[in-house]
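Residue numbers begin at 1 in each chain, while the letters A, B, ... track the order of the sequences.
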Protein chains: 2
Amino acid sequence: MAKKRINMKDIAKEAGVSTATVSYIINKRSDQVIAPQTIKKVEEAIKRLGYVPNLGARALASKHSRLLGLLIPQTEKETKLMFSNSFYGSFLSSFEYEARKKGYNILISGTDVDESYVDVARKRSLDGIVIVGVEIESDIKDLKQIGIPTVLVDSYGMDKELSSVTIDDENGGFLATEYLIGMGHRTIGLATGFLTKEGVNTERLKGYEKALTGHGLPCVGQYVYSGTISYEYGLELGLQLAASSERPSAIFATADILAFGLIKGLKRGGLKVPEDISVVGFDDGFLAGNMEPALTTVRQDVDGKARIAAQLVIDEIEEKENGSNIVLPVSLVERESVRKLVLH
Amino acid sequence: MAKKRINMKDIAKEAGVSTATVSYIINKRSDQVIAPQTIKKVEEAIKRLGYVPNLGARALASKHSRLLGLLIPQTEKETKLMFSNSFYGSFLSSFEYEARKKGYNILISGTDVDESYVDVARKRSLDGIVIVGVEIESDIKDLKQIGIPTVLVDSYGMDKELSSVTIDDENGGFLATEYLIGMGHRTIGLATGFLTKEGVNTERLKGYEKALTGHGLPCVGQYVYSGTISYEYGLELGLQLAASSERPSAIFATADILAFGLIKGLKRGGLKVPEDISVVGFDDGFLAGNMEPALTTVRQDVDGKARIAAQLVIDEIEEKENGSNIVLPVSLVERESVRKLVLH
DNA sequence: GTGAAAGCGCTAACAT
DNA sequence: ATGTTAGCGCTTTCAC
């Protein structure tokens, strides 16, 4: 308790100046000219007393919190954040780093039933928001209306006016499927999450279909398995497929984590990958190369995505720019989870 | 710009009451008796105008920000947060969830060279802090001095007065090593991160040594490999060991992620796991069972750790309790990465 | 070049 | 049962 926190007034008194002067100095305001010796006096007082500005108070007065919100989707059953998928962990790492370098801190919050993310944003006076991989149309509309700079990551067609960063998901789906076709596969399944109208999964599906039809292959819903992007669903599906006779010779899973579960399930079901069935993933997280078999997958640049997302919100907050729609390229990383089929 | 944000005064005016009354109602203060109809009027006004309280202003006036800081270690080279280790992602998920249920938000921040975490805590008026797996003595001393409730996770002997939650790391190391010995291994290596005086790695090392000496086995530094807790270091070490003739028959890696890298390195180096060399990990993250071979590892309850950490800080903030030192149990999960050695 | 003072939106004594 | 009002720590306009 005790020890009253040092505030600006204390510094002002100690240095024998006004709080206004202290404020000017702390904020290094270029529009205010301060005598060098005054600056020195104040800086010494700050050091001597160990003063740390209260950003909450500053936010109240200045309307800038220098706080960024990161919205991560929640798992279906739980309302916990989806950090089991290491994609989000990597994203957060890079995002926080980039933001911190520019003087912003990150607030992480899921949303409860009774409270939208927009409320969190307002409550906490967030300067900007990055939403990754979720589509809550109403929220986004509200966000725009309130005028909080928002950047959408991995979200399609939500709102062209908002800044966004995505990867070329359709092409990713295309590359994966083309590759499989090139390896001789003719019945190719797709394992994916919930297919929202504008989500990444749908884009990857489009690429998948494009490749299929491009080669005159049938593109029937029968081989599209849609569940959740999770290890568990992959496992379940793998087991199921292993037990089925109506099974494609290859599967494109729209996330590595899904592919991992899938492979495990297939193996448990007695199949060998890639001997009996081939699998291609998506993400190329750091474990992909370590799986057995090493996963052939579509590589995306998570680090780049995160940094760009941070830059975009911050630029928008600081009114340097706005409304960019960035699309990052993807590529296929060939490893060992696909077998070359010899056609007879 | 435009649209002025609705504040408490607006609500007061709309409902025909004072701001104090609005404040009492919003905070559901039990020490204030308000007429039901007044409550109704105010609640309607809030709804009608779409009012959301400004927590920054509240924090300023009440000295409670309802913000918790989560301090995650940074990687050595970069100053990025260490979220590649999925342990931290899982921890964050559960921690955020538990805190949110109790009305707290989470601020994530790394630290820069010129700014300690204590500064962040003060700047952002954090109500409490959870520090996981790092030992910055000076910071912790400052934190205590400033009187910000702090909970140490995975940190030993730092300060008995601070609340903490750990798992029984020493026992974990012991279990893993005992198991290996029971499987017939006599030369057992230890792969771990940087061995700080009071870190988890050192505790696990103690358990390792205890098991060894308990069986009269030599406990020489020769087989202790200390690098960083990372996939990369594991890989490097694996490669190195594979090329060496002086190699233990089994290795206990003090983190799954390290074990993953290690196994990959060993394999690349031409060895088979567990045929040529056995590996035990630590954590039992959700991928452990999926590796090839499935990893035998020490299981810890990350979810429990995170929830308890959240509870402890919050209890301390709300002055319900303080100074608990919780130790969670661990157990060994037997899978396929260890070979039973027949002694001749 | 520096300072006085009016807020920012809220809480909490203290009145009534 | 409700209102008045003085801050909380900072920024910013306007004086000087």
Please state how far atom NZ in B:Lys9 lies from atom P in C:dG9, giving the value in whole angstrom units. 9 Å

May I ask you to decide whether A:Arg66 forms a salt bridge with A:Glu318, counting only side-chain N to carboxylate O separations under 4.0 Å? yes

Global bending angle along the helix from C:dG1-D:dC16 to C:dT16-D:dA1, which compares the axes of five pairs at either end, to 10 degrees: 40°

Without decimals, in angstroms, what is the distance between A:Asp31 CG and C:dG1 P? 13 Å

Measure the distance from CG on B:Leu55 to C1' on C:dG9 and round it to the nearest whole Å. 11 Å

Integer-rounded Å distance: D:dG9 P and B:Lys123 NZ: 17 Å

Using a cut-off of 4.0 Å on non-hydrogen atoms, how would the nucleic acid contact of B:Val17 be classed: base, sugar-phosphate, or nothing? sugar-phosphate

OP1, OP2 of C:dG1 versus side-chain N and O of A:Thr38: anything below 4.0 Å? no

Just N and O in the side chain of A:Lys63: are any of them under 4.0 Å from OP1 or OP2 of C:dG9? yes

With a cut-off of less than 4.0 Å, is there a side-chain N or O of B:Asn54 near OP1 or OP2 of C:dG9? no

Going 5' to 3' through nucleotides 11-16 of chain D and flagging B where a protein heavy-atom sits under 4.0 Å of the base, S where only the sugar-phosphate is that close, and - otherwise, we get BBB---

Salt bridge or not between A:Asp154 and A:Lys305? Use side-chain N to carboxylate O under 4.0 Å. yes

Taking atom types as modelled, is there a side-chain donor on A:Arg124 or B:Asn105 under 3.5 Å from an acceptor on the other? yes

B:Phe83 vs A:Phe83 aromatic rings, parallel, tilted or perpendicular, using cut-offs 30° and 60°? parallel

Would you mind reading off the distance between A:Tyr51 atom OH and D:dG9 atom P, rounded to a whole angstrom? 10 Å

Please enumerate all residues that pass salt bridge (Lys or Arg N to Asp or Glu O under 4.0 Å) together with A:Asp301, with sequence neighbours excluded. none

Going by an N to O cut-off under 4.0 Å, is there a salt bridge joining B:Lys63 and B:Asp127? no

Check A:Arg48 with A:Glu14, please: is the shortest side-chain N to carboxylate O separation under 4.0 Å? yes

Measure from CG on A:Leu60 to C1' on D:dC8 and round the result to the nearest Å. 9 Å

Atom pair CD1/CZ of B:Ile106 and B:Phe95 - distance to nearest 0.5 Å: 4.5 Å

Distance check needed: C:dC8 P versus B:Asn7 CG, whole Å only. 8 Å

Just the rounded figure in Å: distance from P of D:dA1 to NZ of B:Lys41. 14 Å

Determine whether A:Tyr51 and A:Asp10 make a side-chain contact, defined as any pair of heavy atoms from C-beta on separated by less than 4.5 Å. no

